[in-house]
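Order of listing sets the numbers, starting from 1, for every ligand and every atom in it.
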Amino acid sequence: MPDPLQPDTAQRTLTTLCDLADRELVVIIGWAKHIPGFLSLSLADQMSVLQSVWLEVLVLGVAYRSIGCEDEVVFAEDFVLDEEMSRVAGLTELNAAISQLARRFRALNVDREEFVMLKAIALTNSDSVYIEDMDAVQKLRDLLHQGLLELECQRRPDDPQRAGRLLLTLPLLRQTAGRALTTFYSIKTRGGVPMHKLFLEMLEAMMD
Ligand SMILES: CC(=O)c1ccc(Oc2ccc(O)c(C(C)(C)C)c2)cc1
């Protein structure tokens, strides 16, 4: 929750959001280790993968949480930004992009199992030039892709195109993460919003 001692300003909103993003970053690093095969990658490749797609994984989570809200972005259950709050915080474009992704998920009626599979696939869908063993990452991606196909085959045998339709949301996910990166970088350049060390390191890694 925002710091009640700070005046209700754009800076307080952005400071709260930066704290949240930093905490989410710690969570997804821990979560990635539970994906079957991720720890089999070299430590260097684990870092390269995470440094290149962490923003997509965060965006996917916020878009999924926002599925039930027409024009609001659910950053957390107790921190929802409507259009006015987004405007005040200078996040109109970013939140409009996240809402567009949420609409795609709503139209597909994406459920929790599909969301988790998509998140794992997004994590392994890295195109980082720093990955040393791309075959190993590709094998992990193929394994998770097969997992999604089997999930849909068991649950929706009458809809053979569903897995493909879910995967076709990944280009919009990458585009939205790029929009987030631009937003973060302009806020960082403007200054005045405290950012945590890990968040800054991961932000810098994406700019490499
Ligand atoms: C550095 C900075 O200026 C910044 C501004 C807004 C912000 O809000 C967010 C909070 C959680 C979160 O998951 C996301 C994304 C979904 C966009 C990753 C954004 C985070 C950082």
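Proximity to V62 (heavy-atom distance under 4.0 Å) selects the following atoms of ligand 1: 13 (O), 16 (C). Residue L58 approaches ligand 1 through these ligand atoms, each under 4.0 Å from one of its heavy atoms: 13 (O), 16 (C), 18 (C). Residue I187 has at least one heavy-atom neighbour below 4.0 Å for each of these atoms of ligand 1: 3 (O). Ligand-side atoms of ligand 1 in range of M195: 1 (C), 3 (O), range being under 4.0 angstrom from any heavy atom. Per-residue contacts place F199 under 4.0 angstrom from the following atoms of ligand 1 (heavy atoms of the residue considered): 1 (C), 21 (C).
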Practice task
Assess whether side chain to side chain donor-acceptor pair (under 3.5 Å) is satisfied between E150 and Q154, documenting all intermediate values.
Solution key: CA-CA 6 Å; E150 286 168 9; Q154 282 157 19; 5.2 Å; no
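Here the rule is side-chain contact (heavy atoms from CB on, under 4.5 Å) with S66, and of V80, L81, V74 only V74 fits it. With Y64 as reference, R112 is the one residue of K119, R112, E114 to meet the side-chain contact (heavy atoms from CB on, under 4.5 Å) rule.
Under the 4.5 Å side-chain heavy-atom criterion for ILVMFWY residues, a single connected hydrophobic cluster contains both M207 and V49. Residues L149 and L140 do not share a hydrophobic cluster, clusters being chains of Ile/Leu/Val/Met/Phe/Trp/Tyr side chains in contact below 4.5 Å. Hydrophobic clustering places L58 together with F79 (ILVMFWY residues linked when any side-chain heavy atoms are closer than 4.5 Å, directly or through intermediates). Hydrophobic cluster membership is shared by V116 and F38, with clusters built from Ile, Leu, Val, Met, Phe, Trp and Tyr side chains linked at under 4.5 angstrom.
Ligand 1 has L55 within reach: a non-hydrogen atom of the residue lies less than 4.0 Å from it.
Close N/O approach between E24 and ligand 1 is found [any backbone or side-chain N/O within under 3.5 Å].
Counting heavy atoms under 4.0 Å from ligand 1, residue K188 does not touch it at all. Contacts between L17 and ligand 1 below 4.0 angstrom, taking non-hydrogen atoms only, involve backbone and side chain alike.
Atom-to-atom distance recorded for L148:CG and C153:SG is 11.0 Å, nearest 0.5 angstrom.
Of the candidates Y185, F184, W54, F184 brings a heavy atom nearest to atom 5 (C) of ligand 1. Proximity annotation for atom 1 (C) of ligand 1: of A89, C18, S186, C18 comes nearest, heavy atoms only.
Here the protein heavy atom with the shortest distance to atom 9 (C) of ligand 1 is F75 CE2, 3.5 Å.
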